[in-house]
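What follows is one structure encoded as C-alpha cells, with my remarks underneath.
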Amino acid sequence: MPPVQTKSNTAASSQVVRTKKAVVQAAPVSVPAADASAANFDASGDRKKFFEDVFLMLEDRLEDKDSPVLKLASPKQLLETIDMSVGTEARSYDEIAETCRKILDYSVRTGHPHFHNQLFAAVTPAGMAGEFLTAVTNASMYTFEIAPVFTVLENEMMIRMRTLIGWKGGDGIFNPGGSISNIYGMNLARYKKCEELGYNVKEDGLSGAPKLCCFASSDAHYSVTKAASLIGIGWKNIIRIEVDAQGKMLNKSLTEAVVKAKADGMVPFMIHATAGTTVLGGYDDIVHACDVGAEHGMWVHVDGCWGGSAALSTTHRHLLNGIERADSFSWNPHKLMGVPQQCCAFLTREAGLLQKAHSAAAKYLFQKDKLNTELDTGDKSIQCGRRVDSLKLWMAWTAVGTKGYEAHIDNLWACARHLRDQVVEREAFSLVAEPMCTNVNFWYEPPSVRAPGAPARMSPEWRKIVHVAAATVKEEMQRRGTLMVGFQSIPIVNDPSPPNFFRMVVISMGTTKEDMDFLLDEIDTIGRELSL
C-alpha cells in the first residue's frame, strides 16, 4: 500500500518520486528567492522617451522620399553593423533605440515611390496606427471572451467585403497569408464534394473517397499545389489549363479538361480561378468558370489575392464579372489597398461551412454557456491563436474611404496604362503581354542589341544578351539604391523559356506617371553606363 502524502513529504526540499517497486527520495530542489525585479519587462532608461524616439523614426520613414530605396549590404556587413546578439544582460532603451535606427537604415524602403518589387508597397498611416493598437491590445481572435471588440469588428468587415462583391450572406475569416486563404478554398471544396458523395472526409480521411481532381490555370499561384499536397489531393490531380497571352485561362481548354477527367473516372470537385495572376496579371473568366462549375457540380474558388481590389472601382470591376456566383474568394487588402502586412481575407458564400469543415469543439476553450459565443471564430479556423487583422483594415478604409480607394485603384490602372504606352513607344523596351491588371511586363533591350549588326531579334544570341541584361541592371539598381523592380522568366504563349523580363507592378498610393517615366529612364541609363 503506497504511503499517504503529507505536508512534510511533499515539500519542495524533499520531493517524493513513486515507482511500482518503491518510493524513491529525490534530491532536494533549490528554489531561488523571489526577485521583485524579475517581473519587470522594462529595459533601463526612460520608456516614454524610447516610445517617442521610435515613433519619430517611423514618422521620418513615412515622410522621407529622398533617401535611397535601400542601402545594400552583405549578410556579413549587416552582422558587423547591427548588433543582433542576445546577451544575458538587458540593454538600455537608448541602446535598443540606436539599434532600431540601424535596422531601419538597412531595411528596404517599401514605401518609397520607386519601390515596385513586390505585390505590396507603401502603407496608409491610419493602417499603420491600427497595427500599433493591435500590438498594444495583444488579443487573439478565437473567442468573443478575449477579443470582444475585434470579433465584432471582423464580422462587420467580412460583411462589408462580401456585400461589395455581391453576396448577401456567407462567412469569412482573416488569415496569415493569401496562400492560407487558398488552402481554405480547396479544403471547403473537398469537404463539400465528399459530403455530397456520402464520405465523412473530416473523420475518415480520403481512404474510401474516389479520385478527386481540381482545375487551375498554368499561371495560378503555387499555393494551389501546396493546398493539394496538404489536404491529400496530390499535385498530380491538379489539372492545369493553358492560358492565353495575357495569362487568362482558356475557356475551351477548361471545358474540355473537365469532360476528359470525368471520362477518365476522376471526380472533379473544384475550379481554382484567378483574378490577377502573380506575373502577367491575368483575370480568368469567372462567368465561364461558374458555368462549368454549375454544370459539373464543382466548387468555384477565385484567388483574388492580388487583383481582387478591382471590386472597389466602378471602372475596373468588370474584371471580376461573375464573382457573385463564386463559392469562395481570397482577397488581400495588404496589396492594392495599402494595409500593413498581413491582411488577407477568405470569404465564402456558404454560411456555416467553415465551422463544419474545421470544428474540433475543444471544450476547454469553446464553452457554449459563455457570453456571445456565436461570435467565436476559433473553431472555424485551422488555427487556434490568430492575430487581429481587422483593426488596421478598418482604420485604413475609414481614413481613405471607399471613394478614396476607388480613385486610388483608378490611378494605378491609369499609371499602368501610361507605362505600357511608354514601353511600346521607346526603342529600348518591348512589351511581353498586354496588361489586364497593373502588372506591366517588358524586356529591356540594351544598346548592344539595337546597334547596327546586332543579333536578330529573338535569336539565341539576342535572347542571351537580353536575359543577362535584366539581372545585371537589377543588381546595379540595388547597389545604387535608386529603384527596385523584379524580373521574371516564366513560360509565356509560344515560348516556354523566354529571356528575363521586368515585371513592373503599379501599386503604391500616390504613384504618378512621372514615376513610370523615371523607371524606364533609370533602367536605360544603367544599361548605357554599364555598356550592356
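What you see is a predicted model; the values in this text were computed from it and never measured.
In terms of the ring-ring contact (aromatic ring centres under 6.0 Å, His included) criterion, residue partners of F55 (sequence neighbours excluded) are, by chain and number, F132. Residues passing the side-chain hydrogen bond (donor to acceptor under 3.5 Å, both in side chains) test with T315: none are found, sequence neighbours excluded. H301 meets the side-chain hydrogen bond (donor to acceptor under 3.5 Å, both in side chains) test with N182, S328, S330; sequence neighbours excluded. Remark: R109 pairs with D64 by the salt bridge (Lys or Arg N to Asp or Glu O under 4.0 Å) rule, at least two apart or across chains. Every residue meeting the ring-ring contact (aromatic ring centres under 6.0 Å, His included) condition with H112, not counting sequence neighbours, appears here in chain and number order: H114. Partners of F115 according to the ring-ring contact (aromatic ring centres under 6.0 Å, His included) rule, which considers only residues two or more places apart in sequence or in another chain, do not exist here. Contacts of H221 classified as ring-ring contact (aromatic ring centres under 6.0 Å, His included), with partners at least two apart in sequence or in another chain: none. Take Q77 and apply the side-chain hydrogen bond (donor to acceptor under 3.5 Å, both in side chains) test, not counting sequence neighbours, and it matches S74. Partners of E95 by side-chain hydrogen bond (donor to acceptor under 3.5 Å, both in side chains), not counting sequence neighbours, listed by chain and number: S92. Taking the side chain to side chain contact (heavy atoms under 4.5 Å, CB included) definition, one finds that S217 meets it with D219, A220, V243, M249, D284, sequence neighbours left out.
Between K248 and D285 there is no salt bridge, since no side-chain nitrogen of the basic residue lies less than 4.0 Å from a carboxylate oxygen of the acidic one.
Judged purely by distance below 3.5 Å, without hydrogens or angles, the side chains of R240 and T225 never pair a donor atom with an acceptor atom. Side-chain contact of T110 with Q118: a donor-acceptor pair under 3.5 Å is absent, judged by distance alone.
Applying the salt bridge (Lys or Arg N to Asp or Glu O under 4.0 Å) test to residues at least two apart or on different chains, the pairs with a partner in residues 110-137 are E131-R387, E131-K392.
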Which pairs would a plain distance check flag for residues 344-357, meaning a side-chain donor or acceptor within less than 3.5 Å of a matching protein atom at least two apart in sequence or in another chain?
{"residue": "T348", "atom": "OG1", "partner": "D327", "partner atom": "O", "Å": "3.1"}
{"residue": "T348", "atom": "OG1", "partner": "E350", "partner atom": "N", "Å": "3.3"}
{"residue": "R349", "atom": "NE", "partner": "A326", "partner atom": "O", "Å": "2.7"}
{"residue": "R349", "atom": "NH2", "partner": "R325", "partner atom": "O", "Å": "2.9"}
{"residue": "E350", "atom": "OE1", "partner": "K192", "partner atom": "NZ", "Å": "3.0"}
{"residue": "E350", "atom": "OE2", "partner": "K192", "partner atom": "NZ", "Å": "2.9"}
{"residue": "Q355", "atom": "NE2", "partner": "D379", "partner atom": "OD2", "Å": "3.4"}
{"residue": "K356", "atom": "NZ", "partner": "E195", "partner atom": "OE2", "Å": "2.8"}

